[in-house]
Amino acid sequence: MTNSAKRPEDRVTDSASIEVLQKAGRDGISTSFSRLDEQGIQCQFGKSGVCCRICHMGPCRITKKAPRGVCGADADTIVARNFLRELVGGAAAHSDHARHLVLLLRKVAAGEGGDYRLRDERALRSTARLYGVDEAGRGPEEIARELAGVLLEEFTKQEDELATVGLAPENQRAIWRANEVAPAGIDRMVVESMHRTHMGVDHDYRSVLRQAFRTSVADGWGGSRIASMVSDILFGSPSPVRSTANLGVLGMNTVNIIVHGHEPELSEMLAVASRDPEIVEHARDVGAEGVTLAGICCTANEILMRHGIPVAGNFLQQELALVTGAVEMMLIDVQCCMPSLPEVAAAYHTEIVSTSAIARTRGASHAPFDERDALASAKKLITRAIANYPRRDSGKVAIPSAQKPLVAGFSVDAIKYMLGGSFRASFRPLNDAIMQNRIVGIAGIVGCNNPKTKLDSYINTLTRELVKRNVLVLKTGCAAIASAKEGLLTPEAALAHAGDGLREVCETVGMPPILHLGSCVDNSRILEAATEVVREGGLGDDISQVPAVGVAPEWMSEKAVAIGCYFVASGIDVILGHPFHVSGSDNVTSFLNEEARDLFGGSFHVAREPLEAAEKIMALLMEARERLGINAKAERKLYDMKDRRELRV
Ligand code: BF8
Ligand code: SF4
């Protein structure tokens with residue numbers, strides 16, 4: 001079947017997306033799905049990573065007849081450089097997000113943060129202690145001021161190792177130092193990577209790829225970790241919260257506002273403002289019943305985790321949300337916001353408003369968000385959306401009914417609390433359950449959607465398969481939203497799918513078997529959880545020894561490249577649903593898929609089908625268990641034939 005013959009039900013999984021994609025067809029709207037078709041067969045040089053346009057003697061592309069570019073660069077050099085440049089894009093995105101938050105923290109500490117507060121003093125004090133900032137006997141503002149200074153230095157450090165990397169297990173840092181991937185300042189890593197990939201600089205693919213891993217560590221154990229920690233200080237550490245997900249969260253009779261993108265500053269204020277009685281009154285004045293605020297992509301995850309604001313959808317649903325004809329305003333900031341949005345919106349009454357000083361989209365109105373006057377700015381935007389409500393054309397409106405209940409908000413502290421209770425909060429029960437083989441291991445299923453894969457299908461099939469096989473699943477980003485839409489983020493539903501061992505543990509401690517840990521910067525929370533497991537003892541001295549894997553089933557973004565690499569650099573095997581653009585170099589491919597394992601204890605694997613991935617993951621977890629010597633122990637004590645059959649890989 002050619003792509004153009006694909007029906008909506010071949011492209012998306014959930015009923016809401018199917019209905020709206022059908023409507024897009026009727027309304028003549030082009031979407032990422034139809035545009036993928038229009039692209040036809042995509043560039044094979046790009047796909048294999050052998051197209052170089054780094055200098056103007058090129059662009060060069062490597063073929064059998066022309067194995068070197070004009071400068072003499074071969075496929076290994078070109079593929080490795082392209083890979084590093086992709087990764088740098090991702091690391092820069094996460095880290096700039098972190099920088100904006102640290103700058104806000106500094107303003108709040110100086111009393112110049114307008115309506116923002118240091119919402120979580122406990123998080124502030126514990127973070128300060130991590131960085132050696134004295135907190136005892138000092139007020140929150142004073143601590144925050146010093147902490148913000150320390151965190152800003154993380155971006156500018158020239159030669160010293162990142163302090164945030166000190167949060168990793170000691171053995172992990174020793175591995176990084178031994179392999180020359182311990183990073184200095186985040187900005188330095190990004191700039192140095194761009195320098196090293198300039199024409200005529202770093203040509204040895206191994207050297208370029210080491211720099212890729214080094215930059216990724218500066219993201220995961222630097223920028224992303226900082227973003228999560230500072231968000232917790234400013235907006236509160238997440239704890240379990242109930243909400244709903246999918247396009248059905250949009251209201252037929254309410255003013256619908258969607259926040260889309262990544263940085264949580266504005267959405268936090270919108271969450272507050274949307275509940276203001278005055279705002280609700282305004283909405284009634286135009287004949288609406290109230291205001292529905294909902295999120296798309298990682299902004300959705302941020303305000304879901306902290307406020308229980310419903311999720312309208314994940315990445316590939318951003319255009320579909322507009323096609324419902326029921327969205328008064330979509331606010332976009334940075335990352336993963338498609339430039340097509342204003343064009344889709346033009347077919348309805350929807351206004352697209354960009355709010356970040358660094359991101360503009362033609363066709364969108366631009367309303368730069370003033371942090372010093374945040375609440376008033378948020379109210380102004382909501383008022384503008386309310387004014388747009390009377391323009392809604394009921395003839396064009398079709399909101400699908402599908403929405404599912406969910407529980408999200410699992411910060412590492414929240415997980416610890418669930419496992420041990422408030423007095424003995426600890427990862428011990430999880431470590432014990434893994435050592436006793438009631439839980440086989442941990443899988444982090446993360447990342448995006450990609451129209452090349454039927455929306456959510458790989459993510460959801462794999463998730464179900466793993467919990468069935470007694471693997472605890474941690475989720476972030478659009479992969480977490482996929483589970484939410486399937487209804488698997490409620491403990492009850494997930495437990496029904498869980499294998500006996502996992503179910504028993506989860507029921508005993510009152511923890512769901514699939515945990516939503518947050519947005520993509522919150523992948524750092526997965527690293528934090530893995531560190532807790534190592535510190536708790538019994539499962540190895542560094543993360544590579546823990547039976548844990550990462551999976552990016554439907555990934556598309558440069559950020560996913562950075563995330564995959566910092567997982568691998570942390571010793572965690574990563575399964576990709578489709579490969580990187582590196583097939584043009586056997587050397588680069590084998591470095592990523594094999595040699596990395598010798599350096600870090602983990603490497604990349606490609607599994608194009610979810611069941612193939614499940615087999616691979618079980619084999620990797622079993623290998624790790626074998627190395628720890630906990631399989632034998634478990635078999636003597638706990639295995640019966642039924643367990644053994646279920647766990648067979
Ligand atoms: O940072 S999972 S599509 S929204 S990149 Fe984007 Fe991918 Fe979604 Fe969040 Ni992450
Ligand atoms: Fe071609 Fe070398 Fe220039 Fe790349 S750097 S475009 S391979 S000449």
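Atoms considered below: every heavy atom in the structure, side chains included; atoms not considered: hydrogens, waters and symmetry mates. For the single chain, residues carry numbers from 1 onward in sequence order. Numbering of ligands and ligand atoms starts at 1, following listing order.
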Original post:
Of all heavy-atom pairs between V241 and L304, which one has the smallest distance, and what is that distance?
Top reply: CG1-O, 3.3 Å
**OP:** Kindly give the heavy-atom pair with the smallest separation between I459 and N449, and that separation in Å.
**Re:** CD1-ND2, 4.1 Å
Original post:
Near M556, which atoms of ligand 1 are under 4.0 Å from a heavy atom of that residue?
Top reply: 3 (S)
**OP:** Check L472 against P513 and note the closest heavy-atom contact, atom names and distance.
**Re:** CD1-O, 3.5 Å
**OP:** For atom 3 (Fe) of ligand 2, report each protein N, O or S atom nearer than 2.8 Å, sorted by chain and then by residue number.
**Re:** C55 SG
**OP:** Mark up the atoms of ligand 2 that fall under 4.0 Å of a heavy atom belonging to R81, in ascending order.
**Re:** 4 (Fe), 5 (S)
Original post:
Nearest to atom 1 (O) of ligand 1, what protein heavy atom do you find, and at what distance?
Top reply: H262 NE2, 2.6 Å
**OP:** Give a yes/no verdict on whether any heavy atom in Q335 is under 4.0 Å from an atom of ligand 1.
**Re:** no
**OP:** Might you point out which heavy atoms bring N246 and A402 nearest each other, and give the distance in Å?
**Re:** CB-O, 3.4 Å
Subject >> Residues R11 and D37 bridged, charged N to O under 4.0 Å >> reply: yes
**OP:** Measure centre to centre between the rings of F580 and W555, then say whether the value is under 6.0 Å.
**Re:** yes
**OP:** Work out which heavy atom in T324 is nearest to a heavy atom in P400; give both atom names and the distance.
**Re:** CG2-CD, 4.0 Å
Original post:
With the threshold set at 4.0 Å, does a side-chain nitrogen-carboxylate oxygen contact exist between R608 and E612?
Top reply: no
Original post:
Is the shortest distance from a Lys or Arg side-chain nitrogen in D219 or R214 to a carboxylate oxygen in the other one below 4.0 Å?
Top reply: no
Subject >> Region of R68 engaging ligand 2 - heavy atom pairs below 4.0 Å >> reply: neither
**OP:** Please confirm whether F213 and Y566 have ring centers closer than 6.0 angstrom.
**Re:** no
Subject >> Nearby protein N/O/S atoms (those under 2.8 Å) for atom 8 (Fe) of ligand 1, with water ignored >> reply: C478 SG
Original post:
Between D187 and R99, is the closest basic N to carboxylate O distance under 4.0 Å?
Top reply: yes
Original post:
Of the non-hydrogen atoms in V334 and S356, which two are nearest, and what is the gap between them?
Top reply: CG1-OG, 3.6 Å
